[in-house]
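All remarks here apply to the structure that follows.
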Amino acid sequence: MFIRNNWYVGAWSSELEGGSIVARTICDQPIAFYRAGDTVAALEDRCCHRGLPLACGRVDGEILRCGYHGLEFDTSGACVRVPGQTRIPPGARVRSYPVVEQDGLVWVWPGDPERIDGAVPPSFHWHVTPGWAWRPEYKLVHANFVMLSDNLLDLTHVGFVHGSTLGGDTTDHAAARLDVTRSENRVRVARVMPDTIPGPFHVRAGGFTGRVDRYQLIDFTPGLVIIDSGMTDVGRLGADCSVAPGTFNLNKVGFNGLTPETEHTTHYFWSMAHTAGAGDPAAEDAFFADIKHTFDEDFEILDRQYARRRSLPDATYIDVDFDRAGLQARRILERRIAEERDQQQRHHSLA
Amino acid sequence: MFIRNNWYVGAWSSELEGGSIVARTICDQPIAFYRAGDTVAALEDRCCHRGLPLACGRVDGEILRCGYHGLEFDTSGACVRVPGQTRIPPGARVRSYPVVEQDGLVWVWPGDPERIDGAVPPSFHWHVTPGWAWRPEYKLVHANFVMLSDNLLDLTHVGFVHGSTLGGDTTDHAAARLDVTRSENRVRVARVMPDTIPGPFHVRAGGFTGRVDRYQLIDFTPGLVIIDSGMTDVGRLGADCSVAPGTFNLNKVGFNGLTPETEHTTHYFWSMAHTAGAGDPAAEDAFFADIKHTFDEDFEILDRQYARRRSLPDATYIDVDFDRAGLQARRILERRIAEERDQQQRHHSLA
Amino acid sequence: MFIRNNWYVGAWSSELEGGSIVARTICDQPIAFYRAGDTVAALEDRCCHRGLPLACGRVDGEILRCGYHGLEFDTSGACVRVPGQTRIPPGARVRSYPVVEQDGLVWVWPGDPERIDGAVPPSFHWHVTPGWAWRPEYKLVHANFVMLSDNLLDLTHVGFVHGSTLGGDTTDHAAARLDVTRSENRVRVARVMPDTIPGPFHVRAGGFTGRVDRYQLIDFTPGLVIIDSGMTDVGRLGADCSVAPGTFNLNKVGFNGLTPETEHTTHYFWSMAHTAGAGDPAAEDAFFADIKHTFDEDFEILDRQYARRRSLPDATYIDVDFDRAGLQARRILERRIAEERDQQQRHHSLA
């Protein structure tokens, strides 16, 4: 189960350069993304004539032309030309999806357009703020998307899974102070580890030689988890996770766009914006190598975890104390899923 | 769905040389083809003892010997020897299939032998006519066989899919004159493009420097599509697609044997017989390279088209003007499928 | 179908060295095997918290620590520590399986522990007898485990499948004397081929130059087939398969541990203990190369046989004379499967 009435990341803007068409299934719906002049269009990825994916075709201005027989579609999904005839057959159209491009990202609404109701995609200004370095990354994860928000909302795993990079003391991780706040569609977590040791990454990227204060500010909404984290010398972190001006903070802000492909697979769009070393190619490369290694460790865990869960569908699970942020996110997702189900049933009973 | 009471290509004769056994599933039935002395036999590819495919065994004269315990079968499918005992157990036999070898092809009847009723496989004399060059090719296509007859009966796609070889002007392709004739089990199409530009292949193989007349004569029967095509200098093509004696015609005749493996996969046996350059190894290689590239483009389209159709089983499709030959072929196949279904139901109700 | 209330090989002892955790599904149940101090433990391979396989974790003394959030389990499957909290949640445990390690093998009982009732795993003393050479081998076979006991209890196939190694005269193989004895859970076969030719392996490993007497003593119990075989110069074999003292016997004893992974796949643990050439590395290598080639030929047969059987689920099969030992084994397995089914039904109706 997943929610469709939501803004999800569909693609990185950079994937659509040079006439590229990105084929991506979102919430079980195959979609072809392409740059149509000044805007981005998202069409059902299936020609209504013989079924070839439209992503096998070509972009020509605002037109997407099928690669099999040359039928042409505009950004609304209407077929506007059939080679060899002037008549456009009734029903010659494919579905188009609402799209918003901002912050280097293409957001798509795979659900009912009438439910948008003014909602706008979340912003991530770090992608467009001077002085911040980041790289657009993508991975298809073989896990239900709830496993991914669980992973990001419980950072106790950092000590056990990422020992060679973000790592740190596993006991301090488990004992981290955790302030969880939930509103209707959002979970915020302030997670603080005062007076602890840095991970190997922090030594390499931040040059820490002694004990540190460490924090993560996690912001979950369905489809996106932002993690604003930092580290500073011990004693320099305020109660509100602020760092005194002039104090070095190894600050990085992670973008984690989580888009259901199917019930069992999730598109993971990620970046890690940072200022330390930004502009220095060698430092950026080193930073990125560590972070990519960290994400690869998560992907391995997520794939194996989910494969096991699928192989034992009747198994039961326990929850522990540090799950409480993830559980709040699950409650939001479950409520939204139930709401969509109710809406569809009402829709069917009215029809 | 597919029809079983039909002659289909099961193998190229050349595949059976040197004692080779060809294992191929035809209409959901695994079959082992082998050369049994002067003839070709086709047996159910499953030993009736423990189930090893008979294609894992060895040919010995007219005998096919199982590779596991040495049981021996004759061309009728009867088990004629069990090692270590003289008694042949009752029921020790496998199904055998009617086979006809001609024109370098092995044709098989996967359905009810009583329904053959004098029917003979279609001939393709170009394979045995001196002066014509051709090569036997095979590809397993991941598409229902109707997608393949659609493809061959609508050559509008040539302009869009095969631009670097057969190509030509896409608008002229869409505007080609199309004469469609249907009889009980056959669709014939005469498709003419007068006064058009040649494709890159025609320039290379035929040396055309100016505008040309181009034609295709397509002959569909279930299981085989023959395409006799040609090109000549503009103004030299008769209304009946004949070319005046002494006029150069870049004539080629394509054999397209389409044999259902399963509902979702189709064996594609193809050749392209031609005279231009025949006998000159370099010219034959160049001709073949272009044609093979063209077929590979079709296979890519067919695989991707069918994968999309399977992923969206409830989607609906439109037809356009240039589909009318393909639609006639579909009508024939649908009628034949319905007839077989009725025959089976009558058979079951009588039993 | 398979029986669960049985001792099966779960792993080779040598697989568990150096803290290695072996993940293996046995009778549909994923199990993590690890060496816990002086003993071997087998736990359900799924953390009860978020589902990561425990085999992705680490061994620490008798503890298996989950690789995701560090939950710790003892050899009984009880969770004994949750990082960051002192309370162990109710239900925080995974299933543990009875294990016995002997003869270089780890045996596991995947069924109801109450049904062990004093049963002990079979012994295979050749693995621990000085003077015998052997190597631990493993292969996952894509076949139901009954296909594997069929294969081992009917050695007629040796002549047809293993012509380049164990081989010999196919007619003599089919005419071999076969004494079959069945008790409640065991089938014993004495199979004798007097006055026959040796196979290529026997010439290489035993140096036979003339005709030979050949025997195999096969001992089937569910989960294990032991084959004690030998060959000697013609006329030197007693009626009871004994060889006179001082007479060279190319004796080898095969261990064939057959453990269902699923209905359609079987773990095959095999070794071939022997004395001829033992201690001479070159002779051991040559012996092993021949034997491994032989097993690979069986695996190929088994995979292809079972794939065909699965593709034709309604097919019927015949039995022949030399199947009679295999059929006795099938009767035992069928009875045991029926018994387990009855036990479960009684269990459910009482509950």
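Keep in mind it's a predicted model, so treat the numbers as computed, not measured. So you know, we letter chains A, B, ... as the sequences are listed, proteins then strands, and number each from 1.
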Could you tell me whether [X] atom [atom1] has more than 12 heavy atoms of other residues or ligands within 6.0 Å of it?
{"X": "B/D38", "atom1": "CG", "answer": "no"}
{"X": "C/R135", "atom1": "CZ", "answer": "yes"}
{"X": "B/E114", "atom1": "CD", "answer": "no"}

Going from [atom1] on [X] to [atom2] on [Y], what distance comes out if it is rounded to the nearest 0.5 angstrom?
{"X": "C/R304", "Y": "B/D45", "atom1": "CZ", "atom2": "CG", "result": "8.5 Å"}
{"X": "C/D319", "Y": "B/C48", "atom1": "CG", "atom2": "SG", "result": "10.5 Å"}
{"X": "C/D321", "Y": "B/Q85", "atom1": "CG", "atom2": "CD", "result": "3.5 Å"}

Under 4.5 Å from any heavy atom of chain B - which part of C/N151: both
Quick one: of C/D298, C/T156, C/T316, who has the most non-hydrogen atom pairs under 4.5 Å with chain B? C/T316
Quick one: closest heavy-atom pair of B/A92 and C/I318, and the distance? CB-CD1, 3.6 Å
Note: C/A174 and B/G84 closest approach over all heavy atoms is CB-N, 3.3 Å
Under 4.5 Å, counting heavy-atom pairs only, tell me which of B/E44, B/Q29, B/H49, B/R87 racks up the most with chain C. B/H49
Do [X] and [Y] come close enough that some side-chain heavy atom pair is under 4.5 Å?
{"X": "B/C47", "Y": "C/Y317", "value": "no"}
{"X": "B/P89", "Y": "C/V320", "value": "yes"}
{"X": "C/R308", "Y": "B/P30", "value": "yes"}

Taking heavy atoms only and a threshold strictly under 4.5 Å, list by residue number the residues of residues 53-81 of chain B that touch chain C; give 'none' if the list is empty. B/P53, B/C56, B/R65, B/G67, B/Y68, B/H69, B/G70, B/L71
Is B/R50 paired with C/D323 through a side-chain N to carboxylate O contact shorter than 4.0 Å? yes
